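To find a chain, count down the sequence lines: A is the first, B the second, and so on, and within it residues start at 1. Quick caveat, the model's predicted, so the values are computed rather than measured.
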Number of protein chains: 2
Amino acid sequence: MTVIAQRTPKRHVMRNAILDAARAIVLRHGFDALSMRKIADVIGYSPASLYLHFEGRDAIAHALCAEGHAQLMDALRSVDPAATPAGRLTEMAHAYVAFARDHPQIYQLIFMENSAYTAAAMGHAGSDGATTLSMLGDPLTALCTEEKRPAAAEILWAALHGIASLSLTASAFIGTPVDALVDHALAPYLANTAIGRTARRRSSGRSA
Amino acid sequence: MTVIAQRTPKRHVMRNAILDAARAIVLRHGFDALSMRKIADVIGYSPASLYLHFEGRDAIAHALCAEGHAQLMDALRSVDPAATPAGRLTEMAHAYVAFARDHPQIYQLIFMENSAYTAAAMGHAGSDGATTLSMLGDPLTALCTEEKRPAAAEILWAALHGIASLSLTASAFIGTPVDALVDHALAPYLANTAIGRTARRRSSGRSA
DNA sequence: GTCTATAATTTGATAGAC
DNA sequence: GTCTATCAAATTATAGAC
């Protein structure tokens with residue numbers, strides 16, 4: 001932690017510069033537009049230099065996946081831990097689709113591209129072992145029987161992903177507001193927790 | 001219909017040959033692998049000839065979208081029209097996810113690539129005006145109040161798409177069988193139609 | 001560590017002969 | 001309608017100088 005850690009001082013700096021540039025390109029023009037040359041241009045290095053820090057384009061994509069997933073986990077973690085399980089679940093669900101709406105290219109990279117990228121995102125699983133499923137499973141522990149919880153988390157995740165994902169590719173055909181869809185997906189879990197009204201209030205007061 | 005229709009006899013033939021080749025490439029190696037040259041190689045024509053029949057790669061992709069969506073509509077239409085609304089809804093939902101499982105590259109092209117391709121698929125909307133939403137809405141007419149039907153169709157579609165889509169990219173993280181997830185998504189609509197047992201039976205007896 | 005230079009491909013698309 | 005030939009560009013990745 002004192003001397004050894006400084007053995008390669010600039011390694012992280014350069015790596016981060018590459019990832020910053022890559023992230024910017026993906027955010028602006030989508031993942032297909034990501035290339036080694038464009039990254040090199042952005043950071044003012046030659047393309048050859050990138051290979052000193054990453055094996056290739058795919059390794060950078062994998063890193064972006066892990067990073068994006070961690071970002072999503074942070075968003076889910078930002079819910080008020082003092083709230084009731086039902087409240088936390090509601091917050092989390094809305095935060096999930098909001099993340100997809102606010103970072104569509106990242107969301108698409110992580111969950112809509114292919115199973116390798118999804119695995120790169122979930123496999124790494126943040127700095128701890130958190131995944132979308134475990135995050136949703138947490139507030140569900142109080143709302144489901146022990147037995148039904150794993151399946152419940154997957155069911156809810158699938159519902160939220162369906163909403164988030166269709167809102168990116170098929171928004172022209174979805175007339176119902178996204179937050180109303182989310183509230184509907186949550187309804188079975190909140191049936192008699194008297195938080196229905198809260199959920200309904202959230203639906204109205206949301207913007208970009 | 002007699003003379004005029006024969007004015008351009010081979011037009012459709014060539015067009016179909018191109019689409020057949022394009023479809024084969026997408027099915028085998030995914031949409032990213034689709035290029036004008038590869039199509040030309042497959043059909044034994046020069047790349048230049050393709051431009052006589054399609055504006056470019058994107059036009060071919062659009063045609064594949066429309067075709068793929070029509071194929072999905074056919075799958076949904078193949079449910080027994082004599083069955084009860086609840087039965088038809090159940091059949092349709094399972095047919096939907098089965099289509100995604102059996103034609104993952106096509107499903108991804110239509111619903112997971114971008115909104116332009118989704119619009120190209122849904123906008124065309126088969127030979128009639130059918131879309132995923134209207135197909136699901138049909139059996140729902142008998143199971144929902146008139147008012148709730150449009151939203152119900154979108155909610156169900158989102159749930160099914162979430163299941164289908166995650167089963168393609170995140171299957172490693174989904175432990176619950178796909179058909180069980182579908183049955184769960186259907187449950188609210190089938191609450192008291194006594195078809196729950198039928199749905200449960202379907203879940204066990206499915207294969208590729 | 002970084003650069004220059006470049007190899008080796010692949011791409012979409014077009015001009016013009018036939 | 002189809003082909004040959006080709007353009008103009010982009011891509012990943014590497015070799016070797018510094």
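Under the side chain to side chain contact (heavy atoms under 4.5 Å, CB included) test applied with B/Leu89, the options B/Thr84, B/Leu143, B/Asp138 reduce to a single match, B/Leu143.
What separates CG of A/Leu50 from C1' of D/dA13 is a distance of 11 Å, to the nearest Å. The CG atom of B/Leu52 sits 10 Å away from the P atom of D/dC3 (whole-angstrom rounding). Rounded to whole angstrom, the span from the CZ atom of B/Arg57 across to the C1' atom of C/dT10 amounts to 12 Å. Rounded to whole Å, the distance from OH on B/Tyr51 to P on C/dG12 is 6 Å. For A/His12 and C/dG1, the NE2 to P distance is 13 Å, given to the nearest whole Å. A straight line from CZ of A/Arg15 to P of C/dT2 spans 14 Å, rounded to a whole angstrom. Atom CG of A/Asp32 is separated from atom C1' of D/dT11 by 13 Å (rounded to the nearest Å). Atom NE2 in B/His53 sits about 10 Å away from atom P in D/dC3, given to the nearest Å.
Annotation: cation-pi geometry satisfied between B/Arg57 and B/Phe31 (NZ/CZ under 6.0 angstrom from ring centroid, within 45° of ring axis).
Between B/His161 and B/Phe111, the ring planes lie perpendicular to each other; the angle is over 60°, past the 30° to 60° tilted range.
A distance of 14.0 Å separates CG in A/Leu140 from CH2 in A/Trp157, rounded to the nearest 0.5 Å. With values rounded to the nearest 0.5 angstrom, A/Asn16 atom CG is found 11.5 Å from A/Ile43 atom CD1.
Near DNA chain C, meaning a heavy atom under 4.0 Å away, there are no residues from residues 16-25 of chain B. Against DNA chain C, the stretch residues 37-49 of chain B makes heavy-atom approaches under 4.0 Å through B/Arg37, B/Lys38, B/Ala48.
Separation of the A/His103 and A/Tyr107 ring centroids does not fall under the 6.0 Å cut-off.
In this structure, B/Asp41 does not pair ionically with B/Lys38, as no charged nitrogen and carboxylate oxygen lie closer than 4.0 Å.
Nearest approach of A/Arg15 to A/Ala63, heavy atoms of both residues: NH2-CB, 4.2 Å.
If you check D/dT12, C/dG12, D/dT2 against the side chain of A/Met36, the one that comes closest is D/dT12.
By the ring-ring contact (aromatic ring centres under 6.0 Å, His included) test, A/His62 pairs with A/Tyr117, sequence neighbours left out.
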